[in-house]
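Taking it in order: structure first as structure tokens, then the write-up.
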Amino acid sequence: MPCDLLSLNKSELNNEFKEMNLPKFRINQIYSWLHQKLVSDYSEMTNIPVQLRQQLSEQYPLLVPRRVRAAQSSIDGTVKFLYSLYDGDYVESVLMKYKYGYTVCVSSQVGCKMGCAFCASTLGGFKRHLTAGEMLEQVYLAQKYAGERISHIVLMGMGEPLDNAENVFKFIEMVSNEDGLNISMRSISLSTSGVVPGIKLLLDRRYPLTLSVSLHAPNDEIRNRIMPVNKKYPVSELMEICREYSLITSRRISFEYAMINGLNDSDKAARELGLMLKGMLCHVNLIPINKVNGSPFSPSPQARVKSFGDILSKYGISVTVRRKLGSDIDASCGQLRRKVKQEEGIE
Ligand code: SAH
């Protein structure tokens, strides 16, 4: 693989170009073209001499994702993108419009190792980590498509961000830097299935972002059935690090809870969850599960979701039922990539 220029931060770019004896202002220009003006090709860098552009494109081909599909929901305007990567695989991101601005949901890996029973991302297995540049480009392409500034990022696409922590941390730093898009870390959420050592690494960074934990069950018995990661890091360990995280950072943890009919949605489960989270600086998001082709799980009825939420509220826990966006465009995690690969007969 040639040098992946888009993944280099400012100081790494300076080091890389030292040998070429490029003046500092040139390097700054190139960085700004890539990370602020968001070009996807050297030919667009109009204040860079043609000869240098030529040299760059030969020595440093841009290995950026290219858009192959954009499916827009006719219900809520959510756009799901499918990108092809330099090595021929695919990755997805989603652009959502909220009252407060545009949010991009970024993928961090091609495929996923976590094996959650209800999730499409895991079905084709794990392929590889995404580079920081490939994550940045998902934001850049979405911003260009929207024609407006992206204000929020959620690392909730395909993959487990804390299984690719180094690249993900670099992405977070570069996208929030004033040399780049300058998106505030307070407007970034990172979602994890509960990789405890990864949460510790994140805590060490003290980023002021929102940690989201895909909990989906109040105990090991239920969680083991749907999330293999729980066998390695059981609920008690996960809760311990979450408590530590919220105490040290004073930031509210957001717990995701996908409501699966008859599996994790009983009043008893709600009470157990209430007891477990009581007094913690947190928020619970209830999400009726999205149906994935070939999956045995179905969403809990609305009345069940309401009763579950009401019980949590009685424990003083702040709860919302997440609005479902893009249900007509396979917008959940891993669904579009899987569909396209099936159409191509790859999986
Ligand atoms: N691996 C990380 C990041 C993925 S985020 C994590 O697990 O948190 C994607 C979110 O969507 C996670 O909360 C995941 O559990 C949830 N999800 C996956 N498949 C889903 C489905 N079919 N319906 C509803 N939520 C789903």
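Each ligand, and each atom within it, is numbered from 1 in the order the structure gives. Small disclaimer: the values here were computed from a predicted structure and weren't measured.
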- Taking heavy atoms and a distance under 4.0 Å, where does V213 meet ligand 1: side chain, backbone, both or neither? neither

- Ignoring angles and geometry beyond distance, decide whether L155 reaches within less than 3.5 Å of ligand 1 through its nitrogen or oxygen atoms. no

- Query: By number and element, which atoms of ligand 1 are closer than 4.0 Å to a non-hydrogen atom of G157?
  - Reply: 4 (C)

For residues 227-235, run the donor-acceptor check on the side chains, cut-off 3.5 Å, and write out each pair with its distance to 0.1 Å, sequence neighbours left out.
from	atom 1	to	atom 2	distance (Å)
N230	OD1	R223	NH1	3.0
N230	OD1	V235	N	3.4
N230	ND2	D220	OD1	3.0
N230	ND2	N224	OD1	2.8

- Atoms of ligand 1 less than 4.0 Å from I289 heavy atoms? 21 (C), 22 (N), 23 (N), 24 (C)

- Message: Could you tell me, atom by atom, which parts of ligand 1 come under 4.0 Å of a heavy atom of S214?
- Response: 6 (C), 7 (O), 8 (O), 12 (C), 13 (O), 15 (O)

- Query: Is the closest side-chain donor-acceptor distance between T192 and E160 under 3.5 Å?
  - Reply: yes

- Query: Quick one: do the Q143 and Y102 side chains pair a donor with an acceptor below 3.5 Å?
  - Reply: no

- Task: Decide if atom CD of Q302 counts as having more than 12 heavy atoms of other residues, nucleotides or ligands within a radius under 6.0 Å.
- Result: no

- Item | Working for ring pair (Phe, Tyr, Trp, His ring centres under 6.0 Å), residues F81 and Y83 | CA-CA 6 Å; F81 301 108; Y83 299 117; 5.8 Å; yes

- Message: Considering H216, M156, E256 one by one, which has a heavy atom nearer to atom 16 (C) of ligand 1 than any of the others?
- Response: H216

- Message: Under a 4.0 angstrom heavy-atom cut-off, which atoms of ligand 1 come close to C119?
- Response: 18 (C), 19 (N)

- Message: A cation-pi test, strictly: NZ or CZ of K10 under 6.0 Å from the centre of the six-membered ring of Y31 and no more than 45 degrees from its axis. Yes or no?
- Response: yes

- Query: Which option out of S295, G159, A120, S191 puts a heavy atom nearest to atom 1 (N) of ligand 1?
  - Reply: G159

